[in-house]
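Quick note: numbers below take in every heavy atom, side chains included, and nothing from hydrogens, waters or symmetry partners. Quick caveat, the model's predicted, so the values are computed rather than measured. Lettering follows sequence order; numbering is per chain, from 1.
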There are 2 protein chains.
Amino acid sequence: MHVSPNVETRPFRKLCADHGLAATHQRQVLYEVMQTMPGHPSPEEVYARVKKRIPAISLATVYKNIHLFVERGVLKEVSMHHGSLRVELNSHLHHHMVCSHCKAITDIEEKDLGVLPTLQRLPGGFQVERYAIDVIGICAACQKAKRG
Amino acid sequence: MHVSPNVETRPFRKLCADHGLAATHQRQVLYEVMQTMPGHPSPEEVYARVKKRIPAISLATVYKNIHLFVERGVLKEVSMHHGSLRVELNSHLHHHMVCSHCKAITDIEEKDLGVLPTLQRLPGGFQVERYAIDVIGICAACQKAKRG
DNA sequence: TTGACGAACAATAATAATTATCGTTTACTA
DNA sequence: TAGTAAACGATAATTATTATTGTTCGTCAA
């Protein structure tokens, strides 16, 4: 039996090839579902949607592929430091540098960041309390390790 | 038996009074321990330290009081959206508004933020990949609910 | 196309992080 | 100092995530 190729699959196969990923059915549905979820879905939410199209899919598959997509730059983490609650004494004004490799968090003075956003009226009448800026990149130690 | 009052307790009792908290021994030790931890400790790390001074303390007490301290402004959360992994399609440049009340996350265009930090050499040879800015405040719905 | 091989999958057990419950103890107020 | 609500400790329960394992599937060479 001959089946005509699904034109919709080609961009996805290309995207996988470009990122060094095997183009599996599960990944394609996961990706297509995410395109219909413009917000910031959790793995559980994605799983619930994907399950409608692939009832047999495993939650672990969703987790693994989300991580893989993030690793390859197809998806982006909204927060670099979820995982466990981190707190600090509410002292002077500073922000954070987060290493995307080892996840280490370092303080950075606001003045070392350069010009900052000016407080202003934001869309939707959002009432601003403060800014929290994460500078995401590679810390010195990880740079060294990668070169080494 | 007469015991002279510990001078160190007074600032803490004042701090509690100022924030409407009962000044318990556990809270005092928790607070003092956090003063000796300048980084971004997790609840488990704080618990381990506090346990050295109050071996009978419960982990749940540490969690409850950390949350209470955050709620009252004594401590600050390093990330407003830890908890569960959140991802988004790696599309155009934007940042996030996070409601400190309901935790809702909304996108905001970079241009709507005003002037941004200029990329520059950062302390410790940190190699910058990108910025992630959270504008923390109260969303319109929560403002309404509080007034209502 | 076909067959081998490694990657990906589903199922599920295990772990980590956090919250809820409940009986007891403690701090604050009159 | 006694009454009362809040806080505490112990621990069960829940939620989020990761690891394991046996099976299936996608890719590439013949």
| said: If you count heavy atoms of other groups shown closer than 6.0 angstrom to NE2 of A:H19, is the number above 12? | reply: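 More than 12 heavy atoms, drawn from other residues, nucleotides or ligands, come within 6.0 Å of this atom.
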
| request: Take B:R27 and B:P55, find for each the nucleotide of DNA chain D with the closest heavy atom, and name the residue whose nucleotide sits nearer the 5' end. | output: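 Between the two, 5'-proximity favours B:R27.
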
Interatomic distance, [X] [atom1] vs [N] [atom2] [rounded to whole Å]:
X: B:Q28; N: D:dC8; atom1: CD; atom2: C1'; answer: 16 Å
X: A:E45; N: D:dT17; atom1: CD; atom2: P; answer: 11 Å
X: A:I54; N: C:dA11; atom1: CD1; atom2: P; answer: 12 Å
X: B:I66; N: D:dC8; atom1: CD1; atom2: C1'; answer: 16 Å
X: B:I57; N: D:dA7; atom1: CD1; atom2: P; answer: 14 Å

| Contacts of B:K51 that satisfy side chain to side chain donor-acceptor pair (under 3.5 Å) - sequence neighbours left out |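 Only B:Y47 meet the side chain to side chain donor-acceptor pair (under 3.5 Å) criterion with B:K51.
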
Using atom names, set out every protein N or O paired with an N or O of nucleotides 27-30 of chain C below 3.5 Å, distance rounded to 0.1 Å.
{"unit_1": "C:dC28", "atom_1": "OP1", "unit_2": "B:A23", "atom_2": "N", "d": "3.0"}
{"unit_1": "C:dC28", "atom_1": "OP2", "unit_2": "B:R13", "atom_2": "NH2", "d": "3.1"}

| request: Please check if the side chain of A:R27 supplies one atom and the backbone of A:A22 the other of a donor-acceptor pair under 3.5 Å. | output: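 Judged by distance alone, yes, a pair lies under 3.5 Å.
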
| Side-chain (B:R130) to main-chain (A:G137) donor-acceptor, under 3.5 angstrom |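 No: the side chain of B:R130 does not pair with the backbone of A:G137.
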
| Once each nucleotide of nucleotides 12-21 of chain C is scored for protein heavy atoms under 4.0 Å, what B/S/- sequence comes out, 5' to 3'? | B----SBBB-

| Carboxylate-amine/guanidinium proximity below 4.0 Å for A:E77 and A:K103 |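 A:K103 and A:E77: salt-bridged.
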
| query | Are A:V78 and A:Y31 co-members of a hydrophobic cluster defined by side-chain heavy atoms under 4.5 Å apart? | reply |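 No; tracing contacts between hydrophobic side chains, which count when under 4.5 Å, never links both residues.
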
| field | Heavy-atom side-chain contact between B:V87 and A:H40 under 4.5 Å | value |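 A side-chain contact under 4.5 Å is absent here.
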
| request: Look at the aromatic rings of B:H96 and B:H94 and report parallel, tilted or perpendicular, splitting at 30° and 60°. | output: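 Answer is perpendicular, since the angle exceeds 60°.
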
